[in-house]
Amino acid sequence: MPGNLFSLFRGAIVDENKVFIRTSTGRTLTYGEMVSLSGRMANALVTAGVKPGDRVAVQVDKSPEAIVLYLACLRVGAVYLPLNNAYTLAELEYFIGDSEPKIFVATPERAGTIGAIAAKLGVSMLETLATDGTGSLTNRARGLSPEFADVPMKGDELAAILYTSGTTGRSKGAMLSHDNLASNAITLKDLWHFTSRDVLLHALPIFHVHGLFVATNVMLAANGSMIFLPKLDPDDVFRALPEATAMMGVPTFYVRLLQDKRLCRETTGHMRLFVCGSAPLLADTHREWSERTGHAILERYGMSETNMLTSNPYDGERVPGAVGTPLPGVSLRVVDPETGAGVPHGEIGMIEVKGPNVFSGYWRMPEKTKAEFRDDGFFITGDLGRFDERGYVCIVGRGKDLIISGGYNVYPKEVETELDAIPGVIESAVIGIPHKDFGEGVTAVVVAKAGSALNEASALTLLRQRLANFKLPKRIFFVDDLPRNTMGKVQKNVLRETYKNIYAN
Ligand code: MLC
Ligand code: AMP
């Protein structure tokens with residue numbers, strides 16, 4: 001492994017003049033410019049007092065400079081901490097308090113409000129970065145030298161922290177090392193045949209594993225190019241397809257593009273690979289995509305804590321409804337969730353994993369870390385699956401109370417806690433209901449006090465101030481009682497059955 005991950009990316013550059021990122025507005029950043037700008041930005045971070053191990057929290061819009069900031073953090077040895085730009089101030093307050101960043105980088109529009117919270121929590125530095133690359137951070141970097149001696153890192157030192165929500169409602173920071181990220185970048189580049197001739201159509205957000213560590217790191221390791229779209233806009237996608245060779249997306253991308261008449265063999269004729277992950281891809285969507293385009297989507301499986309774990313083959317059968325075989329170097333076993341003993345081949349159990357890609361633990365949560373690792377070092381994913389007759393892994397459900405909506409994780413407990421805090425609410429239950437666009441739709445069932453004037457609209461208005469938009473229930477139903485079993489536990493399965501068809505059309 002390369003020590004500092006940046007040295008892997010630098011070593012992969014065969015052509016400095018090659019475009020690394022081109023935006024939908026036509027701005028470009030070459031590999032040579034990426035190296036010099038990240039050097040300047042690394043110098044800017046150091047002059048701002050950032051030291052190896054310091055956290056750099058970032059909530060900005062998608063831009064080439066945001067990626068450069070990530071790379072500058074690697075070069076400095078700082079810990080990059082990207083935050084979803086849908087997070088509310090209430091959510092940010094928790095992340096800032098928990099991670100204690102040295103510096104917070106925000107969009108110019110949010111700098112005022114975030115600055116006030118950050119200052120209250122002891123973060124002395126606030127910098128800005130806008131989508132067009134302007135802002136106090138790039139101003140600071142402009143006059144500085146492009147030369148920067150990358151800080152040597154031990155492979156197990158931290159490169160990034162990714163917050164993922166938890167079953168208790170408290171988000172946990174997954175600590176990822178330089179080696180964790182390097183191993184996946186190298187493996188996936190090779191497995192999916194990425195080279196410097198590739199152009200990746202990149203419409204994902206860059207604050208999660210998929211858009212940052214899978215898409216961007218793989219392209220960096222391949223010295224390939226990316227077309228950066230701010231979001232999944234079908235018009236932008238069809239404009240970019242003739243120049244692209246590959247795309248990575250969540251199932252909602254594929255579901256939405258299938259609804260577009262332009263999707264056919266001709267419009268996808270320049271592509272060599274479509275990758276999907278972050279949520280289950282329906283076998284029907286896989287089949288329909290093959291029929292319309294002639295391309296079999298390559299589905300893979302991973303998570304924030306582990307990066308990628310399995311993949312369907314590049315050459316070979318890509319099976320609808322299966323996530324493929326464990327990546328080289330990854331050990332994956334299926335066990336009885338209670339005892340931890342292996343289940344017979346083909347039977348369903350808890351998926352546990354081990355490998356160079358697996359994180360070292362949750363930031364400042366040793367108890368949580370201990371609870372989610374077995375004594376022999378295997379990480380308990382919380383996903384239920386089985387091996388099929390080909391040796392492919394099939395994910396059949398989750399042992400964790402988690403909803404995945406449009407590729408984003410939503411833990412019911414977090415939404416329930418916010419609902420229960422609303423005056424007039426006695427209790428609530430939040431469930432995921434099949435949704436044709438988002439895969440699962442966050443749905444709340446609420447018991448209100450007699451005479452309360454609370455309704456769906458007023459509850460949503462209150463929630464909107466507290467929770468990121470993708471966590472908001474698509475529907476809230478008011479009932480007299482929640483169904484309970486003899487132990488007094490809410491029967492979410494009964495609720496799921498009651499509301500199962502509400503998003504069918
Ligand atoms: C947006 N909205 C969502 C949503 N995204 N609602 C539920 N789930 C989502 N994921 C809501 C907004 O609140 C808004 O509601 C309305 O939809 C339109 O907002 P938008 O911003 O225009 O959304 P859109 O561009 O349509 O985005 C949908 C999406 C996007 C699915 C394209 O969410 C997306 O890019 N998801 C990818 C997430 C991702 O990268 N996951 C990877 C995690 S890593 P209103 O009411 O305000 O109109 C991981 C590991 C791994 O999981 O294995 O990869
Ligand atoms: P996150 O914590 O956001 O990284 O989400 C990780 C979770 O997404 C995993 O634990 C799985 O439940 C789910 N996931 C990722 N990829 C797939 C896939 N291809 N099929 C089914 N679930 C997936």
Side-chain angles (χ1 to χ4, degrees), residues 61-62 82 84-86 88 162-167 171-172 174 176 184 188 202-215 229-234 236-237 248-257 275-283 285-286 297-312 320-324 350-351 353 357 359 372 379-385 392-411 432 435 437-443 457 460-461 463-464 467-475 503:
D61 292 330
K62 188 171 174 179
N84 191 321
N85 46 19
T88 62
L162 289 189
Y163 273 94
T164 83
S165 9
T167 34
S171 289
K172 306 166 286 187
L176 294 155
N184 235 239
L188 298 177
H202 190 304
L204 288 160
I206 53 168
F207 38 71
H208 278 305
V209 164
H210 199 160
L212 188 61
F213 299 146
V214 184
L229 306 184
K231 59 188 280 190
L232 184 86
D233 177 327
D236 282 343
V237 169
M248 297 183 190
V250 297
T252 302
F253 280 26
Y254 293 96
V255 168
R256 288 189 184 179
L257 291 173
V275 179
C276 185
S278 307
L281 177 71
L282 294 181
T285 309
H286 192 289
I297 298 171
L298 185 154
E299 188 176 6
R300 71 5 167 229
Y301 156 63
M303 54 196 303
S304 302
E305 288 92 336
T306 63
N307 288 294
M308 296 308 99
L309 293 163
T310 70
S311 171
N312 271 276
V323 294
M350 174 63 68
I351 297 177
V353 294
N357 51 318
F359 78 138
E372 298 196 20
F379 172 63
I380 307 166
T381 63
D383 292 311
L384 300 174
Y392 285 24
V393 177
C394 301
I395 301 195
V396 298
R398 292 173 211 133
K400 49 195 174 189
D401 193 13
L402 163 70
I403 301 168
I404 306 185
S405 169
Y408 286 137
N409 288 3
V410 181
Y411 273 92
H435 190 291
D437 185 30
F438 293 117
E440 289 179 276
V442 177
T443 306
L460 276 172
T461 303
L463 284 182
R464 200 174 283 279
L467 293 172
N469 57 13
F470 63 89
K471 296 178 191 169
L472 295 176
K474 297 288 173 209
R475 290 299 316 270
Y503 306 120

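Computed over heavy atoms, backbone and side chain alike; hydrogens, waters and symmetry mates excluded. Atoms within each ligand, like the ligands themselves, are counted from 1 in listed order.
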Any donor-acceptor pair under 3.5 Å from Asn357 side chain to Met308 backbone: yes
Any protein heavy atom lying closer than 4.0 Å to atom 42 (C) of ligand 1? yes
Should Gly407 be counted as touching ligand 1, given the test is an N or O pair under 3.5 Å? yes
May I ask whether atom 53 (O) of ligand 1 is less than 4.0 Å from at least one protein heavy atom? yes
Side chain or backbone of His210 under 4.0 Å from ligand 1, or both, or neither, by non-hydrogen atoms? both
Answer yes or no: does an N/O atom from Tyr301 fall short of 3.5 Å to an N/O atom of ligand 2? no
So is there a nitrogen or oxygen of Asn409 less than 3.5 Å from a nitrogen or oxygen in ligand 1? no
Closest heavy-atom approach to atom 7 (C) of ligand 2 among Cys394, Gly302, Gly407 is made by Gly302
Protein heavy-atom partner closest to atom 49 (C) of ligand 1 - residue, atom, separation in Å: Ser278 OG, 3.7 Å
If the threshold is 4.0 Å, N to carboxylate O, is there a salt bridge linking Glu305 and Lys400? no
Do the non-hydrogen side-chain atoms of Thr164 and Asn409 ever get within less than 4.5 Å of each other? no
What atoms in ligand 1 come closer than 4.0 Å to a heavy atom of Asn469? 12 (C), 13 (O)
Atom 13 (C) of ligand 2: closest protein heavy atom, distance to 0.1 Å, is Ile404 CD1, 3.4 Å
Which residue and heavy atom of the protein sit nearest atom 24 (P) of ligand 1, plus the separation: Arg256 NH1, 3.8 Å
Measuring to protein heavy atoms, does anything land under 4.0 Å from atom 19 (O) of ligand 1? no
Can you confirm, on distance only, whether ligand 2 has an N/O atom lying under 3.5 Å from any N/O atom belonging to Thr381? no
Are Lys172 and Glu372 close enough for a salt bridge, meaning some N to O gap below 4.0 Å? yes
Can you tell me if Tyr301 contacts ligand 1 (heavy atom of the residue under 4.0 Å from the ligand)? no
Would you say ligand 1 has an N or O under 3.5 Å from any N or O of Gly406? yes
Using non-hydrogen atoms of the residue, decide whether His208 is closer than 4.0 angstrom to ligand 2. no
Interfacing atoms of ligand 1 (cut-off 4.0 Å, heavy-atom, Thr252): 31 (C)
Nearest option to atom 47 (O) of ligand 1, as decided by whichever heavy atom of Lys474, Arg464, Arg300, Lys231 sits closest: Arg464
Is Tyr301 close to Asp383 at the side-chain level, that is, under 4.5 Å between some pair of heavy atoms? yes
Where ligand 1 meets Met308 - atom numbers and elements under 4.0 angstrom, heavy-atom basis: 51 (C), 53 (O)
List ligand 1 atoms under 4.0 Å from Gly302, heavy atoms only on the residue side. 53 (O)
Any Gly211 heavy atom less than 4.0 Å from ligand 1: no
Name the closest protein heavy atom to atom 2 (N) of ligand 1, giving the residue it belongs to and the distance to 0.1 Å. Phe438 CZ, 4.1 Å
Residue and atom name of the nearest protein heavy atom (relative to atom 50 (C) of ligand 1), distance in Å to one decimal: Met303 CA, 3.9 Å
Would you say Arg300 and ligand 2 have an N/O pair spaced under 3.5 Å apart? yes
So, regarding Ser304 and ligand 2 (criterion: nitrogen or oxygen to nitrogen or oxygen, under 3.5 Å), is there a contact or not? yes
Examine distances only and state if a side-chain atom of His202 and a backbone atom of Gly211 form a donor-acceptor pair shorter than 3.5 Å. yes
Nearest non-hydrogen protein atom to atom 10 (N) of ligand 1, with distance, is Ser405 O, 2.8 Å
Who's closest to atom 18 (C) of ligand 2 heavy-atom-wise, of Gly321, Ala279, Gly382? Ala279
Check the orientation of Phe359 and Phe379. Use parallel for under 30°, tilted for 30 to 60°, and perpendicular for over 60°. perpendicular
Nearest non-hydrogen protein atom, atom 3 (O) of ligand 2: Asn409 ND2, 3.0 Å
Protein non-hydrogen atoms only, distance under 4.0 Å: does atom 32 (C) of ligand 1 have such a neighbour? yes
